[in-house]
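The shown structure was predicted, so the numbers you read here are calculated from the model rather than taken from an experiment. We number each residue from 1, following the sequence as shown.
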Amino acid sequence: MAFSVNTNAGAFAALQNLNQTSSELTTTQNRINTGLRVSSSKDDAATFAIAQTLRGEVAGLSAVSASLDRAQSTLDVAIAAGEAVSDLLIELKEKAVAAKDSGLDTASRSSLNDDFEQLRDQITSIVQNAEFNGTNAVENNGDAIVAITSDDGSNTITVAAQNLSLSGSNVALSASQDISTQALASAAVTDIENSIANVNTSLSSLGSGAARIELQKEFVNQLSDTIEVGIGNLVDADLASESANLQALQVRQQLGLQALSIANQAPSTVLGLFR
């Protein structure tokens, strides 16, 4: 190899190796700092694009979970109202059956009728107040309960509204019905028995809808977790491996600096030729 004070090939090679080591060290330190093997498209464009798409799906599933939570809460309110109406109908039946007794005196019948009317009106109060987030699924012309189930919002679950108001499709009692006479009490018993059967059917429908939404929530949570794990498998750094790599690169960097220092001293040996 020719001796030259103008060109130091050894120093160039040592510098290139040192720069390469420094670049790898920077990459390793970035992975340790972020915990990510792929933190930007510069690291791995294809993997980053896939991860971003999956992150979009997770974000969509987060909205699905919120929608299902809202639907579940709305259903809980509707079911609570339905159960309260069912309990009131049972109490109303007790009053109506008692009022069918031909041996009742006027005061007793009047007292039973007063209790009957209070219980009857309570049904209206419960139904009107069975609202969650602006949705009432048990009033007349009530709102169906709808929840999205897919990350793009294209699929939904719908639970039909159940009319539990007086004189509605399920509760045959009218807002003015009473048991002030034996005949009226007898008619009320028939209406109440039909209403109890109808309300039980409505509660069954609401309960089935609630169970379906609960199952969907569990699936969405599992799916979201699975996708998160998949994203991690794609982009997360193996910190144990990176830690070992960091140690090796730091040693290489120190050796590279020493090699560059030695290479930079090479031109000074030319002076020995002129002594």
Side-chain angles (χ1 to χ4, degrees), residues 1-70 147-155 215-275:
M1 182 181 70
F3 287 94
S4 173
V5 294
N6 295 319
T7 303
N8 190 340
F12 290 160
L15 181 59
Q16 289 175 358
N17 289 332
L18 181 59
N19 287 339
Q20 179 63 33
T21 300
S22 297
S23 177
E24 292 178 16
L25 186 58
T26 298
T27 299
T28 298
Q29 288 174 331
N30 183 62
R31 289 176 179 176
I32 293 172
N33 289 335
T34 63
L36 297 173
R37 181 180 63 82
V38 180
S39 59
S40 73
S41 59
K42 293 185 297 182
D43 298 326
D44 186 332
T47 299
F48 183 78
I50 294 171
Q52 286 294 88
T53 299
L54 293 174
R55 289 186 181 108
E57 292 182 11
V58 171
L61 290 175
S62 178
V64 169
S65 182
S67 178
L68 290 169
D69 285 339
R70 176 192 51 75
I148 57 175
T149 59
S150 59
D151 64 276
D152 61 357
S154 59
N155 297 325
L215 288 172
Q216 188 67 31
K217 282 176 59 179
E218 292 178 3
F219 170 72
V220 167
N221 290 336
Q222 291 174 353
L223 179 59
S224 181
D225 290 345
T226 300
I227 294 175
E228 288 276 14
V229 171
I231 294 172
N233 291 336
L234 287 172
V235 303
D236 285 356
D238 182 349
L239 294 182
S241 175
E242 297 300 335
S243 176
N245 196 33
L246 177 65
Q247 298 293 326
L249 288 171
Q250 287 175 335
V251 171
R252 281 175 54 187
Q253 186 181 51
Q254 292 172 12
L255 290 173
L257 288 169
Q258 290 181 5
L260 180 59
S261 177
I262 292 170
N264 284 334
Q265 294 173 12
S268 65
T269 62
V270 177
L271 296 174
L273 299 175
F274 298 96
R275 290 176 183 168

- Could you pull out all residues at least two apart from Arg31 that satisfy side chain to side chain contact (heavy atoms under 4.5 Å, CB included)?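 Testing Arg31 for side chain to side chain contact (heavy atoms under 4.5 Å, CB included), a comparison that skips the adjacent residues, returns Thr27, Arg37, Ala237, Glu242.
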
Heavy-atom closest pair, residues [X] and [Y]:
X	Y	result
Ala147	Ser67	CA-OG, 3.3 Å
Glu57	Asp151	O-CB, 3.7 Å
Ser150	Asn155	OG-N, 3.0 Å
Gln250	Leu25	CG-CD1, 4.1 Å
Ala51	Val235	CB-CG1, 3.6 Å

Checking [X] side chain against [Y] main chain: does a donor-acceptor pair fall under 3.5 Å?
X	Y	result
Ser243	Leu239	no
Asp225	Gln222	no
Thr53	Ala49	yes
Thr21	Asn17	yes

First locate atom [atom1] of [X], then atom [atom2] of [Y], and finally report the distance between them rounded to the nearest 0.5 Å.
X	Y	atom1	atom2	answer
Phe12	Gln16	CZ	CD	9.0 Å
Ile50	Leu234	CD1	CG	6.0 Å
Asp43	Asn30	CG	CG	6.5 Å
Leu54	Leu61	CG	CG	10.5 Å
Asn33	Ser39	CG	OG	10.0 Å
Gln216	Leu68	CD	CG	6.0 Å

Taking the side chain as every heavy atom from C-beta outward, state whether [X] and [Y] have any atom pair closer than 4.5 Å.
X	Y	value
Ser224	Asn221	no
Glu24	Gln20	yes
Val220	Thr149	no
Gln254	Leu257	no

